[in-house]
Q: 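Have a look at this one before I ask anything.
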Amino acid sequence: MYGKAFAPEYQGALTTLSVNSSLTDVLAAGTEQLRAAERVGARAEAARSGLAVAEAHRRLGQVADADRAWKASYRTAREARDTGAMAWALWSGGTLARQRGAFPLAWRLLRLAAELGEQSGDVVVRGYSLAGMAETGRIQGDYAAVTALHEQLLAEARRRGEARHTVWALEGIAQIHRNTGAYDTAYALFEEAAEIAARAEDRRGHAWALRGLADIVSVRDRDPDRALALLSEAEVSCRAMNLSGALAYNHKMRGNVLYRAGRYERARDLYTRALAEFEAMSEPRGRALSRLGLVKSLARLGRDHAETAAELTELARVLEGIGLRHAQEMVERARTELGLTPPEGADPEAAR
């Protein structure tokens, strides 16, 4: 059995905050508590309040503020000799690095966080840090390297009855199956994640699970209307909690659904909207994937073939620089789908 979802990143005096608290409320409460702790010289409390501030900034897409906040939390935790708080700050920094597309830095920070978590005996931050490493590898498309780690973390979360982490692991494994064409397995895993998240009142996890289900319903069942309804349901939670990143990915997926249904003008508009949202939060992965959808939509609406081919070539370089293996393959599939070929003299392996 799973209990109600909780947010272990809200610590110290902030443990009363819910996993579903609006991020603007979290930021306000965290900032107030941080200042109070600093006034009385309570370094450990300041470090843990600073963690909530960092996470609120990150999830709101305020990258520069999040970067300053997690580093300040880490420095304060180190001064307080609080190894567990140091681990949590590094976890936040590693998660932010992944969000920014700085994958080598993400690996380094998350690995250090896992080590410090083990040293401090904090099994939760250790698990979250290992999960962060697994998610980093999954996003990069290195499924062989991280599938076993996803399965290990799922087993640990189930054993502890930790709903939020169970939902995360199920969604990660589901995404791997979806990206490798095992749609039925992916759907079942997303469906289980959605059910657990709903029972545990984990609105964030539930919104991501609905997004995954919408993707499968669109690509496997060719049912765009049902897919769009699932995305609309997920968007309610994203807006209620001010989940900027999740909302942008929701809009990008809505573009995907519309494109697959041949509704190219509406798809163009959604990709344009998602692109602007990702640019506002300096999120290179979402930005590149939104650009890819936009290029394809514009091509379907009559854009010049040479312009389309040139932008796809440039996108392949961008994706290679980010390190997204499977996304680069998407560029090649887009070329084939649109009847284009790489420019003469181009290395066909460069975008794989």
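These figures come from a predicted structure and were not determined experimentally. Starting from 1, each residue takes its place in the sequence as its number.
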Q: Quick one: list whatever passes side-chain contact (heavy atoms from CB on, under 4.5 Å) with Arg39, sequence neighbours left out.
A: Arg35, Ala36
Q: Side chains of Leu292 and Leu312: closer than 4.5 Å at any heavy-atom pair?
A: yes
Q: Does some side-chain heavy atom of Arg59 sit less than 4.5 Å from a side-chain heavy atom of Val26?
A: no
Q: Answer yes or no: is there an ion pair linking Arg98 with Glu135, defined by an N-O contact shorter than 4.0 Å?
A: yes
Q: Is it the case that the side chain of Ser232 and the backbone of Leu228 share a donor-acceptor pair, with hydrogens and angles ignored and the cut-off at 3.5 Å?
A: yes
Q: So that I can tick it off, tell me whether Arg48 and Asp82 are bridged by a salt bridge, with the cut-off set at under 4.0 angstrom between side-chain N and carboxylate O.
A: yes
Q: Without swapping roles, check the side chain of Gln11 against the backbone of Pro8 for a donor-acceptor pair under 3.5 Å.
A: yes
Q: Step through it carefully: locate the ring centre of Tyr128, locate the ring centre of Trp88, and say whether they are under 6.0 Å apart.
A: yes
Q: Is a side-chain donor or acceptor of Ser49 paired with a backbone partner of Ala46 at a separation under 3.5 angstrom?
A: no
Q: Could you tell me whether the side chain of Trp70 reaches within less than 4.5 Å of the side chain of Leu51, counting heavy atoms only?
A: no
Q: Could you tell me whether Glu311 and Arg291 have a side-chain N and a carboxylate O separated by less than 4.0 Å?
A: yes
Q: Run the salt bridge (Lys or Arg N to Asp or Glu O under 4.0 Å) test against Arg43 and tell me which residues pass, sequence neighbours left out.
A: Glu79
Q: Tell me whether Glu118 is salt-bridged to Arg111, with the criterion being a basic N under 4.0 Å from an acidic carboxylate O.
A: no
Q: Can you list the steps and then say if Arg254 with Glu235 is a salt bridge (charged side-chain N to carboxylate O under 4.0 Å, His left out)?
A: CA-CA 11 Å; Arg254 191 178 290 271; Glu235 184 165 345; 3.7 Å; yes
Q: Cation over ring, Arg138 on Tyr143, under 6.0 Å and within 45°?
A: no
Q: Strictly distance-based, threshold 3.5 Å: is any side-chain N or O of Ser21 a donor or acceptor partner for the main-chain N or O of Ser18?
A: yes
